[in-house]
Amino acid sequence: MTRILEKRLLTPVTKLFRVETPLVAAAAKPGQFVIVRIREGGERIPLTIADYDREGGTITIVVQEVGVTTRYLGALEVGDDILDLVGPLGMPLEIPAEGHIVGIGGGFGAAALLCLMRELSARGNRTTIIIGARQQDLLILVDELTAVCRDLELCTDDGSLGLKGFVTERLQQLIDGDGPGRPDSVVAIGPMPMMRAVAETTRGAAIPTLVSLDPLMIDGTGMCGGCRVSVGGEVKFACVDGPFFDAHQVDFEEAVRRNKMYVEQEQQTACRGTALEVA
Amino acid sequence: MPVKRSEKTAMPERDSTVRSHDFVEVNEGYNLARAQFEAERCLRCQDPICIQGCPVCIPIPDFMHAIAAGDMPGAATILRSANPLPAICGRVCPQETQCEEQCYLGGRFDPVAIGYLERFVADYERDQPLGEAPARPSRTERVAVIGSGPAGLVCAGELARLGHPVTIFEGLHAPGGVLRYGIPEFRLPKEILDWEIDLLKRRGVEIVCNVIIGKTITLDELFDKMGFAAVFVGTGAGLPRFLGIPGENLNGVYSANEFLTRINLMHADRFPDADTPIMVGRRVAVIGAGNTAMDTVRTALRVGAEHAMIVYRRSENEMTARVEEHHHAIEERVEFKWLTNPIEVLGNDRGWVTGLKCVAMELGEPDDSGRARPVPIEGSEFVIPVDNVVLAIGNSPNPLLLKTTKGLESDQKGCLVVEEGGSQTSRRRVYAGGDAVTGAATVILAAGAGKSAAAAIYEDLSG
């Protein structure tokens with residue numbers, strides 16, 4: 001059991017939890033993830049470790065309520081326990097080229113940049129974060145992210161804050177020399193279409209780019225192979241070989257298709273996940 | 001005195017047309033009368049070679065004699081003294097290639113049904129517990145066991161019996177390893193597994209779930225930070241192999257590990273009451289013909305497949321599954337495509353499996369495994385229409401611990417290297433056994449390895 005010490009609503013469907021798990025906090029490195037299970041009979045789902053505090057023995061996870069399990073988790077409150085939490089899983093981020101590193105977060109993927117960009121800044125890199133959302137109030141963790149990088153660039157689809165447009169448009173401007181300038185490496189975390197668009201943006205400019213893939217997983221230790229992805233024509237297990245892969249080598253079409261394997265079933269559980277049911 | 005009867009006492013089984021739609025255990029077990037009737041067949045040989053066929057050396061004639069004499073607590077005590085997991089081994093051991101193969105009767109008649117009797121005695125004990133006093137550790141050196149599969153459970157149980165405080169670290173949310181995620185309910189009810197694990201806990205074994213050694217804690221930290229005096233590695237063979245043929249990443253293709261884990265561990269058969277789904281179509285092809293393949297194909301029937309088939313590049317004679325599983329599968333109308341080698345998984349424009357392209361094979365000269373090598377027949381390609389393909393072609397040891405541990409030697413296949421005939425790894429006070437050392441094998445071989453490793457650890461820590 002893992003106790004929830006803090007809960008914050010970042011948007012109506014995006015929630016931040018700081019949970020007490022000293023062993024995971026002590027071992028966690030930027031880019032790794034945990035697997036959680038919320039109730040008996042529940043699914044196991046992977047969640048990126050957004051941040052960790054080794055001394056406090058806590059990690060921070062951010063969830064967007066998109067399915068039954070994220071809704072069960074979203075309904076938990078401070079003082080509640082997460083039934084099962086295991087980690088840290090996956091390989092920590094290894095940046096292909098140091099220098100000017102641009103971290104790109106789409107939607108709640110922005111949260112995953114917290115510990116990652118802090119670490120990269122601490123290593124002496126020049127760091128830029130670009131985050132995007134549909135509108136201003138859906139941009140999350142702006143203050144926290146400001147503190148972990150040199151430049152924070154905001155994008156909204158409706159122009160309510162920052163650049164009006166997608167994160168990839170701002171990225172293209174940087175590549176063209178605007179603002180903080182051309183990146184030496186790019187790391188993108190967010191929805192699959194956004195990561196795919198980032199890959200296409202940096203491909204021509206040949207900027208080393210990593211994306212954090214989040215396929216369906218069960219055990220997270222390489223045992224089931226459900227999370228297999230094709231990268232450069234080779235089959236990789238995202239849970240043990242990833243989650244970071246060379247964006248220019250990833251077969252996104254296959255990854256998107258495999259992530260939608262259970263859409264029909266997910267509709268059957270779509271109505272569930274209210275606070276009442278968890279109790 | 002032994003009673004001469006040529007045939008094994010039949011095991012009552014549930015009707016195949018009923019059972020192939022549910023997960024209730026197929027074998028119903030002997031009653032007391034049947035058990036005594038069967039135990040009377042044991043010849044009580046002067047030189048009981050059946051014991052040599054048993055990886056944990058159960059004194060078989062002694063427990064046969066106790067059953068025949070009606071002394072069930074005695075039989076249970078004898079059995080448990082040698083095997084900490086009798087209710088499990090009595091159900092899943094390949095007795096026909098172990099104790100029963102050695103049985104003197106086996107030459108002309110059926111061997112004594114040692115496996116059925118082992119199960120009977122263990123189940124009897126479950127109904128009428130022996131009332132062992134809870135163990136109190138008599139020694140101070142704490143031992144860590146990595147993995148709660150058969151090797152780890154037996155090693156931990158033996159170490160506790162020898163007086164050591166023992167902690168098992170399990171990566172999943174529930175203990176049992178392959179006994180939980182791999183072997184289906186209709187062959188090994190989870191109730192039985194839970195009971196065996198509970199007995200170990202009552203003997204003082206501590207089990208910590210959701211901790212992955214090599215990730216959450218390193219092996220070195222077990223010694224340096226947590227103060228364990230020795231470590232047993234029983235991490236199993238949990239890395240599924242794929243064929244490397246086109247189409248393996250189509251939707252609807254599973255490894256047997258994933259297919260079975262979704263159902264056995266995550267209860268996808270109870271979806272949507274349980275949250276984990278599985279997609280099983282009308283026609284399911286399972287590739288491979290070992291015990292895992294049989295478990296998978298019979299599970300497919302139970303979650304709604306109308307046609308569930310085994311596709312195997314060799315013939316029936318080279319199949320590695322237990323005789324009983326094959327027999328049960330036939331009864332349950334599993335289809336068998338022998339000498340059929342899959343070469344491509346075919347899909348539709350939405351990326352879902354529609355068929356399995358295969359080539360017919362014939363048997364040639366023996367290969368490295370000593371079995372006839374299957375050779376493709378030119379121009380014999382054909383397509384089997386299927387909705388799912390499940391690969392049950394074996395597992396390699398999981399490399400997770402090796403990747404994060406210095407000085408732990410492994411061979412080319414990723415198997416941990418241990419001293420000849422023993423369990424000592426290349427690192428001091430680190431022992432290993434089971435599938436992590438041998439590659440995918442059987443529950444009882446893992447149990448045997450766990451047992452001898454416990455003895456070696458005991459001796460090492462006594463020195």
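- Counting heavy-atom pairs under 4.5 Å between each of A:Pro88, A:Ala27, A:Ala26, A:Ala28 and chain B puts A:Pro88 at the top.
- With a 4.5 Å cut-off on non-hydrogen atoms, B:Leu260 does not touch chain A at all.
- When each of A:Leu85, A:Val235, A:Leu89 is scored by its heavy-atom pairs under 4.5 Å with chain B, the top score falls to A:Leu85.
- Using modelled atom types, no side-chain atom of B:Asn210 and backbone atom of A:Asp84 make a donor-acceptor pair closer than 3.5 Å.
- For A:Ile35, no part sits under 4.5 Å from any heavy atom of chain B, backbone or side chain.
- Considering only heavy atoms from C-beta on, A:Val86 stays 4.5 Å or farther from B:Val211 through its side chain.
- Put simply, the side chain of A:Asp219 never gets that close to the backbone of B:Leu172: no donor and acceptor are under 3.5 Å apart.
- The CE atom of A:Met261 sits 6.0 Å away from atom CH2 of B:Trp352, with the distance rounded to the nearest 0.5 Å.
- No donor-acceptor distance shorter than 3.5 angstrom exists from the side chain of B:Thr216 to the backbone of A:Val24, with no hydrogens or angles considered.
- For A:Asp241, the side chain to side chain contact (heavy atoms under 4.5 Å, CB included) partners at least two apart in sequence or on another chain are A:Lys236, A:Phe237, A:Phe245, B:Lys403.
- Counting heavy-atom neighbours within 6.0 Å of A:Glu6 CD, excluding the residue itself, gives a total above 12.
- Judged by distance alone, the side chain of B:Ser255 and the main-chain N or O of A:Cys224 form a donor-acceptor pair under 3.5 Å.
- Atom CD of A:Glu253 has 12 or fewer neighbouring heavy atoms from other residues, nucleotides or ligands inside a 6.0 Å radius.
- With a threshold of 4.5 angstrom between heavy atoms, B:Phe259 does not approach chain A through any atom at all.
- Top candidate by heavy-atom pairs under 4.5 Å with chain A, chosen from B:Gly238, B:Ala256, B:Gly236, is B:Gly238.
- When B:Asn249, B:Leu400, B:Asn257, B:Thr276 are compared by the number of non-hydrogen pairs under 4.5 Å with chain A, B:Asn249 comes out ahead.
- In this structure, the side chains of A:Arg228 and B:Glu258 come closer than 4.5 Å at one or more pairs of heavy atoms.
- Only the side chain of A:Gln32 comes within contact range of chain B, with heavy atoms under 4.5 Å apart.
- Looking at A:Ile218, only its side chain comes within 4.5 Å of chain B, counting heavy atoms on both sides.
- When all heavy atoms of A:Thr221 and B:Asn398 are compared, the closest pair comes out as O-ND2, 2.9 Å.
- The only member of A:Gln265, A:Glu266, A:Glu43, A:Arg44 that meets side chain to side chain contact (heavy atoms under 4.5 Å, CB included) when paired with B:Asp275 is A:Glu43.
- Side-chain atoms of B:Asn251 and A:Arg257 include a donor-acceptor pair closer than 3.5 Å.
- The greatest number of non-hydrogen atom pairs below 4.5 Å with chain A, out of B:Lys215, B:Arg270, B:His173, B:His267, is found for B:His173.
- Other residues, nucleotides and ligands contribute more than 12 heavy atoms inside 6.0 Å of the NZ atom of B:Lys190.
- Within 6.0 Å of NZ on A:Lys7 lie more than 12 heavy atoms contributed by other residues, nucleotides or ligands.
- When all heavy atoms are compared, the tightest approach of B:Pro240 to A:Gly225 is CG-N, 4.2 Å.
- Considering B:Thr261, B:Val178, B:Leu239 as possible partners of A:Met223, the one that fulfils the side chain to side chain contact (heavy atoms under 4.5 Å, CB included) test is B:Thr261.
- Between atom CZ of residue B:Arg262 and atom CG of residue A:Leu216 there is a gap of 6.5 Å, rounded to the nearest 0.5 Å.
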